[in-house]
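Down below is the structure, laid out as structure tokens.
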Number of protein chains: 2
Amino acid sequence: MKDGVPAHSGCAVEQVLRLLSGRWTLYILWRLQDMGPQRFNALVRLIPGVSPKVLTERLKALENAGLVSRHYEPTVPPQVTYSLTDRAVELRATLDQIAGVSRSWVAEGWRMDTGFPDPAKDG
Amino acid sequence: MKDGVPAHSGCAVEQVLRLLSGRWTLYILWRLQDMGPQRFNALVRLIPGVSPKVLTERLKALENAGLVSRHYEPTVPPQVTYSLTDRAVELRATLDQIAGVSRSWVAEGWRMDTGFPDPAKDG
DNA sequence: GTAAGTAGGTACCATTTGGTAACTAAAGGG
DNA sequence: CCCTTTAGTTACCAAATGGTACCTACTTAC
């Protein structure tokens with residue numbers, strides 16, 4: 001984006017997709033859903049490969065979007081617990097829909113070959 | 001991604017989200033849905049701001065994913081027409097769901113403030 | 001004194017992504 | 001001959017994204 005071209009920024013769907021499509025974002029949501037409220041370092045360990053930097057970023061974004069709530073306990077050392085909000089539950093049904101479509105495609109033998117670099121093509 | 005960390009690549013939802021979250025991708029799908037099958041340059045003109053490079057890339061990805069079909073007419077000059085597949089229609093219902101949630105959030109005064117750079121902050 | 005844990009923040013770096021401009025071949029119009 | 005159209009491709013460049021490593025302030029354990 002350079003200057004005055006707003007693209008299709010007014011579109012709510014794009015915004016939500018953009019929020020959800022960041023790396024680890026869905027994983028975070030699913031872990032919080034499956035395991036209940038979690039503390040920061042617990043999430044780091046629960047999501048193998050995520051860096052604290054990105055996890056912080058994602059949690060902030062999700063908090064600003066109202067999908068995650070952050071509870072800070074000013075003990076020493078501090079305890080910060082993250083949990084899903086009601087809004088996130090709303091989203092969950094939608095995500096289940098996507099999951100359904102995705103899985104049905106995979107079941108039909110659908111191979112994800114979008115031209116994006118394959119993250120699993122290690123030796 | 002560096003080497004052997006597969007992240008959560010096995011997850012179909014992530015794959016689909018990754019496909020859909022690229023810039024212009026949803027826009028392309030919506031234009032094809034609203035306006036019916038379109039030729040390449042028609043799409044370029046229909047989506048203000050998209051470059052032929054990215055449009056080609058997206059259309060290829062969507063074709064590989066089985067959401068768009070490409071009809072090549074070997075005339076001179078050639079005519080290439082893109083249209084949605086049945087699979088894309090399946091996806092449409094899901095997208096409508098997301099659209100519903102997104103719009104309800106917006107209606108409640110939800111502001112997209114995810115910490116991502118705001119694409120509309122020109123001035 | 002040293003190590004570990006808590007919840008991140010910061011600097012730096014590599015990769016990914018997307019944009020611009022120029023180019024292609026083959027035909028038609030002036 | 002020169003310009004236009006079609007459907008892209010290519011080279012180049014800037015910005016966004018995400019990873020690693022190191023830092024904080026404070027306490028407990030050894």
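Letters A, B, ... mirror the listed sequences (proteins, then strands); counts begin at 1.
- The side chain of Arg58(B) contributes an N or O atom lying less than 4.0 Å from OP1 or OP2 of dG18(C).
- Nearest-nucleotide assignment on DNA chain C puts the 5′-proximal partner with Asn41(A), out of Ser21(B) and Asn41(A).
- Look at Arg18(B) and you'll find a side-chain N or O under 4.0 angstrom from OP1 or OP2 of dT17(C).
- With respect to Arg103(B) and Glu108(B), no salt bridge is recorded, no charged nitrogen being found less than 4.0 Å from a carboxylate O.
- Using a 4.0 Å cut-off, no side-chain N or O of Arg39(B) falls inside it from OP1 or OP2 of dT6(D).
- Protein atom OH of Tyr72(B) is 10 Å distant from nucleotide atom C1' of dG8(D), rounded to whole Å.
- Across the protein-nucleic acid pair, Glu63(A) atom CD and dG8(C) atom P stand 9 Å apart, rounded to whole Å.
- Looking at Thr25(B), its side chain never comes within 3.5 Å of a backbone N or O of Ser21(B) through a donor-acceptor pair.
- In this entry the distance linking CD of Glu73(B) with P of dA7(D) reads 11 Å, nearest Å.
- With no hydrogens or angles considered, a side-chain donor-acceptor pair links Gln33(B) and Arg92(B) at under 3.5 Å.
- No side-chain donor from either of Thr81(B) and Arg39(B) sits under 3.5 Å from a side-chain acceptor of the other.
- Contact of the Leu55(B) side chain with the Trp24(B) side chain is not registered, since no non-hydrogen atoms from C-beta on lie closer than 4.5 Å.
- In this structure, Tyr27(A) places its OH atom 18 Å from C1' of dG18(D), rounding to the nearest Å.
- Between Ile28(B) atom CD1 and dG18(C) atom P the separation is 11 Å, expressed in whole Å.
- At whole-Å resolution of the value, CG in Leu55(B) and P in dT20(C) are 14 Å apart.
- Regarding contacts with the backbone of dG9(C), a side-chain N or O of Lys60(A) is found under 4.0 angstrom from either OP1 or OP2.
- Arg45(A) has its CZ atom 14 Å from the P atom of dA4(C), to the nearest Å.
- Closest approach to the Thr56(A) side chain among dG8(C), dT6(D), dG19(C) is made by dG8(C) (side chain taken as heavy atoms from C-beta onward).
- In this structure, CD of Glu14(A) is placed 11 Å from P of dG18(C), rounded to the nearest angstrom.
- Listed nucleotides: dT6(C), dT20(D), dG19(C). Nearest to the side chain of Ser51(B): dG19(C).
- Judged by distance alone, with hydrogens and angles left aside, Lys53(A) brings a side-chain donor or acceptor within reach of the base of dG18(D), the pair sitting under 3.5 Å.
- Summary of the strand contacts: Arg70(A) and Val76(A) both lie near DNA chain C, and taking for each the nucleotide with the nearest heavy atom, the more 5' one is attributed to Val76(A).
- Distances shorter than 4.0 Å separate none of the side-chain N or O atoms of Arg23(B) from OP1 or OP2 on dA16(D).
- Note on Trp24(A): a side-chain N or O is less than 4.0 Å away from OP1 or OP2 of dG19(D).
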